[in-house]
Amino acid sequence: MKKFAFVFPGQGSQSVGMLDAWQDHPVVVQTLAEASDALGEDVARLIHEGPKEALALTTNTQPVMLVAAIAAWRVWNAEGGAQPAALAGHSLGEYSALVASGVLTLAQAAPLVRLRAQAMQEAVPVGTGAMAAILGMNADAVKASCAEITASLGGAEVVEAVNFNDPSQTVIAGSKLAVEKACEALKAAGAKRALPLPVSAPFHSSLMKPAAEKLRVALAQTTFAAPQIPVINNIDVAVQTEADAVRDALYRQAFGPVRWVECVQAMKARGITHLVECGPGKVLAGLTRRIDAELVGAALYDPATLAEVKELFA
């Protein structure tokens, strides 16, 4: 049996109708009902009908991505899929991994994720923060340039490297002016591209600290169970089993970087050869191959891809 991990996507992979192919599957119907009860709204309708603009609102995006990922995870289990050796999630996807591992229930995670989204949106006024993807440059060079720009602006404006997605793709975030200056400097220094991202807040930057404080209060009031499958977290690239340590990692993750390259490398170090992206899209499957060509990346989000993944492990 090939040793594999399940990884869960974050914000950006959502789409209207992303669960339509499974809309009659009993565990998907149940998952949507659970989420709707937990959030006090019709999540199934939101995912099925959208509109796209509604799904793109951070306060909706984060809960619907969690729900879609857990729906796919539950279908895998209902259809007799084998258990992965480890779990991980990109940014928001870490909450999906914790639900899959049994640390949180979906009913606990959905309101937490919505609170996280609302707090992040409120932490920085719309239009004053920004994010950009820097392509074709070493991550250390990106970090150094961000530190220089922040220092040159006297600390009043900040820009930081916040998502280490693959060896030549790093996302930066911070105040709008600082991000714009960093993009200019990085292109001048040799980056192939500096792409502004269509997001409403500078996620994972230190500007999210006020959001993290609100989240910390809610996390402290939430009961965490012991993980049934190891979850490699974003902030420390570590497996935590104590409830307080998991809470603290989620708190710090809100204003700290997503160390995805290292997470993937840590899974390989555990002898894992295949990473299955569980939930909408193929972003993480693509990153897997760019991080390490020896690893196999696959995606699981509908009946056809379910059959492909089952065949992979047959």
Side-chain angles (χ1 to χ4, degrees), residues 10-12 58 88-94 116-117 119-213 215 233-238 248-266 283-284 286-287 290-291:
Q11 215 163 312
T58 294
H90 189 285
S91 181
L92 155 73
E94 193 164 300
R116 178 182 186 266
M120 285 177 160
Q121 193 59 75
E122 291 163 3
V124 178
V126 174
T128 61
M131 298 182 78
I134 309 303
L135 308 181
M137 181 169 272
N138 174 280
D140 287 337
V142 175
K143 283 167 68 176
S145 185
C146 286
E148 286 174 17
I149 295 293
T150 299
S152 74
L153 294 170
E157 309 266 352
V158 300
V159 58
E160 298 155 357
V162 297
N163 285 7
F164 300 97
N165 287 337
D166 74 30
S168 63
Q169 183 196 122
T170 303
V171 174
I172 63 173
S175 46
K176 194 168 186 290
L177 173 67
V179 170
E180 287 170 353
K181 285 189 174 294
C183 286
E184 291 170 13
L186 288 161
K187 280 193 284 188
K192 285 183 184 173
R193 301 184 77 183
L195 300 172
L197 298 179
V199 295
S200 53
F203 303 119
H204 296 290
S205 74
S206 58
L207 298 179
M208 292 288 105
K209 191 80 186 288
E213 294 304 329
L215 182 60
N233 71 28
N234 291 180
I235 193 72
D236 301 315
V237 193
D248 184 56
L250 289 175
Y251 158 70
R252 288 181 292 118
Q253 187 230 52
F255 62 93
V258 175
R259 297 163 61 185
W260 193 249
V261 172
E262 292 171 88
C263 286
V264 172
Q265 291 167 340
V283 172
L284 300 183
L287 292 181
R290 296 205 292 277
I291 292 168

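Just so it is clear, the model here is predicted, and its values are computed rather than measured.
- In this structure, Ser206 and Val158 approach most closely via the heavy-atom pair OG-CG2, 4.2 Å.
- Met137 approaches Ala189 most closely through the heavy-atom pair CE-O, 3.6 Å.
- Listed here is the closest heavy atom pair of Ser200 and Thr58: OG-OG1, 3.1 Å.
- Closest approach of Ile172 to Ala182, counting heavy atoms only: CD1-CB, 3.8 Å.
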Evaluation steps, side chain to side chain contact (heavy atoms under 4.5 Å, CB included), between Val124 and Met208: CA-CA 8 Å; Val124 178; Met208 292 288 105; 3.6 Å; yes
Test side chain to side chain contact (heavy atoms under 4.5 Å, CB included) applied to Met120 and Phe203, step by step: CA-CA 7 Å; Met120 285 177 160; Phe203 303 119; 3.5 Å; yes
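- Between atom NE2 of residue His90 and atom CG of residue Leu287 there is a gap of 6.5 Å, rounded to the nearest 0.5 Å.
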Any chance you could lay out the side chain to side chain contact (heavy atoms under 4.5 Å, CB included) test for Glu213 and Tyr251, step after step, and finish with the verdict? CA-CA 8 Å; Glu213 294 304 329; Tyr251 158 70; 2.6 Å; yes
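- Considering only heavy atoms from C-beta on, Asn165 stays 4.5 Å or farther from Arg290 through its side chain.
- Contact annotation: the side chain of Asn163 approaches that of His204 to within less than 4.5 Å [non-hydrogen atoms, C-beta and beyond].
- For the salt bridge (Lys or Arg N to Asp or Glu O under 4.0 Å) condition, no pair includes a residue of residues 128-148, sequence neighbours left out.
- Rounding to the nearest 0.5 Å places CG of Asp166 at 11.5 Å from CG of Leu284.
- The shortest side-chain heavy-atom distance between Ile235 and Pro257 falls under the 4.5 Å cut-off.
- The shortest side-chain heavy-atom distance between Lys176 and Thr128 does not fall under the 4.5 Å cut-off.
- Residues Val159 and Lys181 are not in side-chain contact: their nearest non-hydrogen atoms beyond the backbone lie 4.5 Å or more apart.
- The closest side-chain heavy-atom distance from Ser168 to Asn138 is not below 4.5 Å.
- Across Ala161 and Val142, no two heavy atoms sit closer than the pair CB-CG1, 4.4 Å.
- The nearest pair of heavy atoms linking Glu94 to Asn234 is OE1-N, 2.7 Å.
- Side-chain atoms of Glu160 and Thr150 include no donor-acceptor pair closer than 3.5 Å.
- The backbone N or O of Leu207 sits less than 3.5 Å from a side-chain atom of Ser205, completing a donor-acceptor pair.
- With values rounded to the nearest 0.5 angstrom, Lys187 atom NZ is found 12.5 Å from Ser145 atom OG.
- Between atom CD of residue Glu180 and atom OG of residue Ser175 there is a gap of 9.5 Å, rounded to the nearest 0.5 Å.
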Decide side chain to side chain contact (heavy atoms under 4.5 Å, CB included) for Gln253 and Asn233; before the verdict, give the C-alpha distance in whole Å, the side-chain angles of both, and the deciding distance to 0.1 Å. CA-CA 9 Å; Gln253 187 230 52; Asn233 71 28; over 6 Å; no
